[in-house]
Amino acid sequence: MVSTDRLLAFAAMSFLLIVVPGPSVLFVIGRALAQGRRAALTTVAGNTVGAYVLVLAVAFGVGSVVERSVLVFTTLKLAGAAYLVYLGVKAWRGRGSLRAAFAEDVTAAAAEHGGLRTFGEGFAVGVTNPKTIVFFAAVLPQFVDRGQGHVAAQMLLLGLVFNVIALVSDAVWGLVAATARGWFARSPRRLSLVGGVGGLTMIGLGVTVAVTGRKD
């Protein structure tokens, strides 16, 4: 299996990548500001599952196809960017109704449906995150000791380490942003403002994802 030295080195590199706000962090912050703590944490959960799907893809060979094919990579990147812009526009258009949503007592069934939808949106962002795709496809395999065998299992373990770090980091970002939202909720104007900021954050993020990445 993976040696302790390799595991720690990979964890350190993962931490450096994760703490710098990227698509996942900015999306969680935008969701926290627009919808609150529960939506932020649900988004983090979906995002984490989506990222681990990328680990599975790399571990079983699909990741190499994405890394080698400019067309596949670009298509995936643009799909993720378009989805972020769509969610941002949706949040911006609904900013005026945030106060009612904030004070509304929803039923358990409605909450479950909203949670599943939020989880799915987080998953979609996580599985199309260009930064994570490149990291898993290009960096993850370098920490595998092929002489030890069980290459796929080593990748799955390393990917799990990455996702645990990302889960904790993204959750902290989401909780901090959701706490700030509480102050905005005391005023209809502030709450409308924060809904707009959350939407604009996601739109800007989608545009950034679309114009950055591989140039080859």
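All values reported here derive from a predicted model rather than from experimental measurement. Just so it is clear, the values below take in all heavy atoms, side chains as well, and ignore hydrogens, waters and symmetry mates.
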Non-hydrogen side-chain atoms of [X] and [Y] separated by less than 4.5 Å:
| X | Y | answer |
| --- | --- | --- |
| Val53 | Phe123 | yes |
| Phe119 | Val49 | yes |
| Leu41 | Leu175 | yes |
| Gln154 | Arg6 | no |
| Met155 | Leu56 | no |

Answer with yes or no whether the hydrophobic clustering places [X] together with [Y]; edges join I, L, V, M, F, W, Y residues whose side-chain heavy atoms lie under 4.5 Å apart.
| X | Y | answer |
| --- | --- | --- |
| Val172 | Ile29 | no |
| Leu140 | Ile18 | yes |
| Val55 | Leu160 | yes |
| Val28 | Val85 | no |

Listed partners of Thr132 passing side chain to side chain donor-acceptor pair (under 3.5 Å), at least two apart: Asn129
Pair Phe136-Phe162, ring pair (Phe, Tyr, Trp, His ring centres under 6.0 Å): steps then yes or no: CA-CA 10 Å; Phe136 285 156; Phe162 178 95; 4.8 Å; yes
Which atom of [X] lies closest to which atom of [Y], heavy atoms considered:
| X | Y | value |
| --- | --- | --- |
| Ala32 | Ala40 | CB-CB, 3.5 Å |
| Phe60 | Ala152 | CE2-CB, 4.1 Å |
| Leu156 | Ala59 | CD2-CB, 4.0 Å |
| Val161 | Ala11 | CG1-CB, 3.9 Å |

Under 3.5 Å donor-acceptor, Ser169 side chain and Ile165 backbone: no
Whether Tyr52 side chain and Asn47 backbone form a donor-acceptor pair below 3.5 Å: no
From Ser14 atom OG to Phe143 atom CZ, the distance as rounded to the nearest 0.5 Å: 7.5 Å
Straight-line distance of Leu158 CG to Asn163 CG, nearest 0.5 Å: 11.5 Å
Arg37 and Thr179: CA distance, side-chain angles, deciding distance, side chain to side chain contact (heavy atoms under 4.5 Å, CB included) verdict: CA-CA 8 Å; Arg37 181 180 292 106; Thr179 300; 3.8 Å; yes
